[in-house]
Each structure stands twice: as C-alpha cells, then as structure tokens.
Number of protein chains: 2
Amino acid sequence: MCQDGGMPPRTRRTEALSRERIVEAAVELLDAAGEAGLTFRTLTERLATGAGAIYWHVANKDELLTTATDAVVAQALPAASAGSPQEEIRAVALGLFDAIERHPWLATQLLMQLTRNPGGPVAPRIFEAIGRHIGALGVPERSWFTATSVLVHYILGTAGQTATAEVSTTREAFLDTVASSWEDLDPEAYPFTRRVARQLRNHDDREQFLAGIDLVLAGVTTRHSS
Amino acid sequence: MCQDGGMPPRTRRTEALSRERIVEAAVELLDAAGEAGLTFRTLTERLATGAGAIYWHVANKDELLTTATDAVVAQALPAASAGSPQEEIRAVALGLFDAIERHPWLATQLLMQLTRNPGGPVAPRIFEAIGRHIGALGVPERSWFTATSVLVHYILGTAGQTATAEVSTTREAFLDTVASSWEDLDPEAYPFTRRVARQLRNHDDREQFLAGIDLVLAGVTTRHSS
DNA sequence: ACACATCTGGAATGCCGTTCCAATATGGAA
DNA sequence: TTCCATATTGGAACGGCATTCCAGATGTGT
C-alpha cells in the first residue's frame, strides 16, 4: 500500500517490482489483447512473479485499471497551447480520440470511470481539460457543468463507438457488418436507422467526430451570445 | 437456441421455463442487486432449476443481458405522440432517463450495447426513436447521423451519471462525496472542476438533464436554419 | 404402449480475483 | 560483521463464476 519515502535501491533480487512497472505491464497487456487480456495470471507471468507481490503494490484489479486509465489519459491530453477556446477543445477531443484509437480498451474504461467512479482521478482530469475553456466561450457560469457534460459525453461516446470498430479484424468489415444489420431491419419500424446506415459505410471517423464537436460548440455558444 | 414453432404446452413439470420467464427473472435480480446480483447461481435458485435448463433457452450471459436490456428499453420508449420534434425528442430522453432511474444497471448496459454491440437490437431501437425526429428539425440528411449520435450519447451518458448516484445509500450522500473530492483537488491544476463542484451539490437532475438536451437541440437547429 | 425429440437438473471443468503465509531480501543498529 | 525488524516476494489455496456435459425425465405423435 505505502511506498517508501527514500531512494530506490540500485538493484533488487531480479529487477525492482514497482507500481509503475506493474501499471506499464498492465497497459501493454490491455493493448495486446483487450480487457480480457489482463488477468493476474498473465500479469504474474509477464512480470515473472506471484500474485502476492502484485497485491503488495496495488489494492486490487479495479485500482489497477483506474491507474492504468489515468496514466494513459494523462499522456494523451495535450499541453496547453494558446489558441481560441474552440481550438483548445478540439485539441483535447482529438487527443482523447487518438488515445482511444491506440488503446481500444480505453473507451469502455473511460465511460465506466465517468459514470461509476466520478470521484476518482480520471473524471476530474477530463472534466478540467474541457471545462477550462468553457468560460471563454461566453457561457454563463450557471451552465458550465451542463455544457462540459455534453461535450465530454459526446467525445467519449463517439470516440468509443468508432474505436471499437478498430478492434475487429478491419474497420471496414466491422462497419459493413453493422450497416448491413441496420439495413436488414424492419422498414416499417426502422425507416430512419435504415436510411442512415448508408452514411455509416463511407464515413470518415475523424471528420464526423469533429463535425459533432462543432455542432455541440454551436449550441453552447449561440445559446448565450445574443 | 431454437424455439419450437408450435403451441406452448398447457403445463410443464413445474411451470414452463421459457425465454421470457428467464429474462423477467434476470431483470428482477438486476433491479434488486445490480449487475453483480445476476449470476447463474442466483438465477437457477430463483427459477428453481439448473444451469443447463437455462442454457437451453439462452446462448450465454451476454445474450441474456442484451435481451433484458432490450426488453426494458422497449417498454421505456414512449408511443409516438403528436408534438413538435423537440417535444418528441424530449419525451424519448425522459423515457430513458426514468427507465435508468428505475433500473440503475441499465445505464452501463446501454453504453456497452451502443459501443460494443451496435449490431444488436438495442442500439437501433434507441437510434431510431431519436433520429426519427431529426429530419423535422431542418437538419440536412448528411448530418443526421452526427446529430443523432450527439443526442444519444449525451442522453445515455448523463442519465447514467445521475442514475449511478441513486444506487449508493442516498443521492445526496453520493453527490456530496463526489463534490467534496472535487473540491479537494489541487487548486492550481483543477480550478474549473473545483469551481463547478458547487453546482454538483444542489442540482436538479431532471432540470439539468433537459437543459443539456435543449443545448444540443439549439446547436442542431441553429446550425442549419439560416 | 413405444420411440423419439424436447427439455431439465445438477455434477464437473477451468479460469478468475483475492487471501494467506512461509520464505527471502534489505538496511540500520549493535 | 552480525543480527533483527521490516519490507517484499512467490506461489499454494479458496471460493465464485460462466460454461459444458450428460443421464435422465417429460411430452408428443403413432
């Protein structure tokens, strides 16, 4: 549980096990084989140790997942650059989008963190990165929370949706499967979904994603700029 | 896997096990004890049967969860009433919001269905319920998919966030805990989140939720109504 | 009354997260 | 240098889970 407060020793019996080394290995396993690829079995094998050793550094699997998620998100968020609030928000959104593309397991984790663990480190980090620029858009403080929520949920939801497509064999195959199943729906009950299925097939993820952001930003700004 | 094509027999050895009875029991267990409350152990106990019997009607737990989610969503979506597109969309949103309040496990399931199983029955059902009214807002067809995505992700994300608060002891206690942990963040790194934490405390879920919807609708409409 | 397909209950399997503990390292005190 | 308290490790053991397997009961058509 508690880390020592002194220098790290030069060399341990094999190669000092540490919280960071565990988290790093966890991220690698998640990247390689998704959420199911991270078990204490695979983790102990990769680190050539036992379960007890890991549990000395990490409380449980949930904490490990939270820490791994936070580490990846921290790296993904861009350092503050000096642009318009819209540009800043777009940069954050793209940073998360790309991170989810690199680590497809991230999408689910982020949604979980946001809904089930808003007190943890991940939710505030993302909330802050977006919300920081909301005031500069002319949104009155009373609406800051709502406006930021809309943006964050859209970003994570959509990025997650498109990123999941990457995991399966190829993106095209996945989108094609979904589009086909949508086109096979009952025409009476699903006229809209069937019609939109075509847009799903040839669909530039990144472009659509940014279009959605702009749409939300338009709503956020026009609402209060009169 | 396959249902018979004939009449259901009047009476079975105890009380005909059927796909519907299993799904019904699953929903009850989920409502009573959340996602962790649904295991094949609890399910067989409640239905007074064995695991094999259940597996004859249902492929696996994932399918059971999907079916349970779809059943609850189907009941939650309002029958078409004749109002403005905005009113229709608000009605669907509130229908989902209330369903999530009644069945807190639903939030996570819906997010999963949307991102990991868009080919299943749940995603199209929700997409259609919202998207059906998008055209009437004056949105050009090219933007239908994006606009609907924004709305759906916001609705599910936010409803999920607020619903999770219900599960824990009391809503107030949960919000208070989260707000406190946000207020304890580093003032240098988290000025926005700390400031917004106050809005979290006294916060009418439903009102905030509808405000968010209106915000998105404003963006969707003003963007194309010139 | 017989045979066959449908349906059931529960035992067995293998994997998972977690706990427990005996054994081993480490750094400072003597 | 020796020794000890404390920090750290590896792996065995545990209970719970989803899922599989199968012997047998049930109901239907003949």
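Here is the naming used below: chain letters follow the sequence lines, and residue numbers restart at 1 for every chain. Remember, predicted model here, so these are calculated numbers, not experimental data.
Per the geometry, CH2 belonging to B:W56 stands 13 Å off C1' belonging to D:dT26, to the nearest Å. Atom pair B:I54:CD1 and D:dC21:P shows a separation of 18 Å (rounding to whole Å applied). Rounded to whole angstrom, the span from the CD atom of B:E63 across to the C1' atom of D:dT19 amounts to 14 Å. Atom CZ in A:R21 sits roughly 13 Å away from atom C1' in D:dT9 (whole-Å rounding). Going from atom CG of B:L47 over to atom C1' of C:dC7 covers 15 Å, rounded to whole Å. Going from atom CG of B:L17 over to atom P of C:dT8 covers 5 Å, rounded to whole Å. Straight-line distance from the CD atom of B:E35 to the C1' atom of D:dA18: 15 Å, rounded to whole Å.
Side-chain atoms of A:Q113 and A:T66 form a donor-acceptor pair, as typed in the model, at a separation below 3.5 Å.
Look at B:H57 and you'll find a side-chain N or O under 4.0 angstrom from OP1 or OP2 of C:dT8.
Residues passing the side-chain hydrogen bond (donor to acceptor under 3.5 Å, both in side chains) test with A:H133, sequence neighbours excluded: none. Under the salt bridge (charged side-chain N to carboxylate O under 4.0 Å, His left out) criterion, B:D176 pairs with B:R201, sequence neighbours left out.
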Could you run through nucleotides 13-18 of chain C and give me one letter per nucleotide, 5' to 3': B if any protein heavy atom sits under 4.0 Å from the base, S if only the sugar-phosphate is that close, - if neither? ---SSB

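Aromatic pair A:W144/B:F192: centroids less than 6.0 angstrom apart. For B:Y190 and A:F127, the ring centers are positioned 6.0 Å apart or more.
Salt-bridge formation is not detected for the pair B:R46/B:E24: no Lys NZ or Arg NE/NH1/NH2 atom is positioned less than 4.0 Å from an Asp or Glu carboxylate oxygen.
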